[in-house]
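Values reported hereafter were calculated over all heavy atoms of this structure, with side chains retained and with hydrogens, waters and symmetry mates removed.
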Amino acid sequence: MTNPSKKLTPKLVEVEPRKLIGKCITTTLSFDNTAALWKDFMSSHKEIVNRVDSGFYSMQVYPIGFKVEEFTRETEFERWAAVEVENFNIVPEGMQTKVLAGGLYAVFTHVGPVKQFVETSNYIYGTWLPQSGYQLDDRAHFERLGEKYYGPEHPESEEEIWVPVERKG
């Protein structure tokens with residue numbers, strides 16, 4: 001990545017709570033079965049009615065009190081593959097619901113294949129966050145995959161990275 005600070009200036013966005021329907025697993029980085037989760041979810045996501053839009057959510061829910069500096073390859077967390085819906089009136093069999101808490105998010109755009117995601121993540125948590133005047137908030141982290149997401153290997157694929165933040169102090 002040439003100059004990550006130029007490409008990775010976040011937008012600060014205040015959001016209302018969002019209703020999501022999808023599939024969830026408990027996982028770690030050392031035993032990452034994200035591909036299987038998404039394959040399973042994509043085989044049945046069309047059963048979800050009343051979607052808000054065509055986007056997808058890849059969400060991580062970390063333990064309460066999560067500290068990024070203590071995160072290891074063995075830290076357990078929830079990983080979700082989901083879509084936003086208007087309500088929970090109809091939940092397809094085998095799927096779960098989650099209310100994504102509202103609040104302030106720093107929104108970054110990652111461009112490139114998933115194998116470069118670690119560089120983006122390292123910049124966000126290792127450079128931007130400590131220098132920002134913000135700290136992590138105890139809410140879900142997620143990536144939003146929209147119209148410009150062309151798949152995990154595509155060099156021009158774009159995904160939004162939503163990091164829950166609050167002002168320091």
Side-chain angles (χ1 to χ4, degrees), residues 4-5 7-38 40-41 45 48 51-53 55-88 91 94-111 114 116-146 149 152 158-169:
S5 60
K7 292 181 181 178
L8 291 174
T9 302
K11 294 181 295 190
L12 292 168
V13 180
E14 187 80 34
V15 299
E16 294 296 317
R18 296 176 182 186
K19 293 176 177 71
L20 304 178
I21 292 179
K23 296 198 175 194
C24 169
I25 57 172
T26 299
T27 191
T28 66
L29 290 181
S30 64
F31 182 72
D32 185 5
N33 44 6
T34 300
L37 170 67
W38 274 97
D40 182 33
F41 177 68
H45 80 276
I48 300 170
R51 286 180 66 168
V52 169
D53 58 30
F56 292 91
Y57 287 73
S58 177
M59 183 170 55
Q60 299 75 236
V61 181
Y62 298 105
I64 297 293
F66 165 75
K67 292 183 176 29
V68 72
E69 60 274 8
E70 295 171 6
F71 188 77
T72 71
R73 295 188 56 73
E74 308 308 317
T75 302
E76 284 193 346
F77 61 97
E78 286 182 6
R79 169 129 13 226
W80 285 78
V83 296
E84 186 178 357
V85 294
E86 294 172 15
N87 57 54
F88 295 142
V91 180
M95 297 216 188
Q96 297 151 285
T97 63
K98 178 78 172 174
V99 175
L100 180 65
L104 185 63
Y105 280 87
V107 184
F108 299 84
T109 301
H110 170 76
V111 179
V114 73
Q116 291 176 348
F117 192 87
V118 70
E119 294 171 26
T120 300
S121 185
N122 287 344
Y123 171 77
I124 293 168
Y125 295 104
T127 303
W128 180 82
L129 190 60
Q131 297 173 1
S132 69
Y134 293 91
Q135 61 191 18
L136 288 179
D137 195 5
D138 265 338
R139 291 178 285 125
H141 298 230
F142 65 93
E143 291 79 49
R144 191 158 184 306
L145 314 175
Y149 182 75
E158 289 186 21
E159 58 188 284
E160 294 175 345
I161 303 166
W162 292 65
V163 179
V165 294
E166 61 185 0
R167 282 232 171 253
K168 287 182 183 168

Would you check if [X] and [Y] make a side-chain contact, meaning some heavy-atom pair closer than 4.5 Å?
| X | Y | answer |
| --- | --- | --- |
| Gln135 | Leu129 | no |
| Leu20 | Val85 | no |
| Arg18 | Val99 | no |
| Thr120 | Ile161 | yes |
| Tyr57 | Glu84 | yes |
| Tyr125 | Val163 | yes |
| Ile48 | Met95 | yes |

Verify the ring-centre separation between [Y] and [X]: is it less than 6.0 angstrom?
| X | Y | value |
| --- | --- | --- |
| Phe142 | Tyr105 | yes |
| Phe41 | Trp80 | no |
| Phe71 | Tyr62 | yes |

Does any N or O in the side chain of [X] come within less than 3.5 Å of the main-chain N or O of [Y], such that one atom is a donor and the other an acceptor?
| X | Y | answer |
| --- | --- | --- |
| Lys168 | Pro130 | yes |
| Thr27 | Phe31 | yes |
| Gln96 | Cys24 | yes |

Measure the OG1-CG distance between Thr109 and Leu8 for me, rounded to the nearest 0.5 Å.
8.0 Å

Pairwise distance CZ(Phe56) to CG(Leu145) - rounded to 0.5 angstrom:
8.0 Å

For Glu74 and Ser30: C-alpha separation, side-chain torsions, deciding distance, then whether side-chain hydrogen bond (donor to acceptor under 3.5 Å, both in side chains) applies.
CA-CA 6 Å; Glu74 308 308 317; Ser30 64; 2.9 Å; yes

Looking only at side-chain N and O atoms, does Glu166 offer a donor or acceptor that is under 3.5 Å from a partner on Tyr134?
no

Looking at residues at least two apart in the chain, or sitting in another chain, which of them share a side chain to side chain contact (heavy atoms under 4.5 Å, CB included) with Val13?
Lys11, Val15, Val107, Trp162

Any pair with a residue in residues 129-145 that passes salt bridge (Lys or Arg N to Asp or Glu O under 4.0 Å), sequence neighbours left out, goes on the list, sorted by first then second residue, please.
Asp53-Arg144, Asp137-Arg139

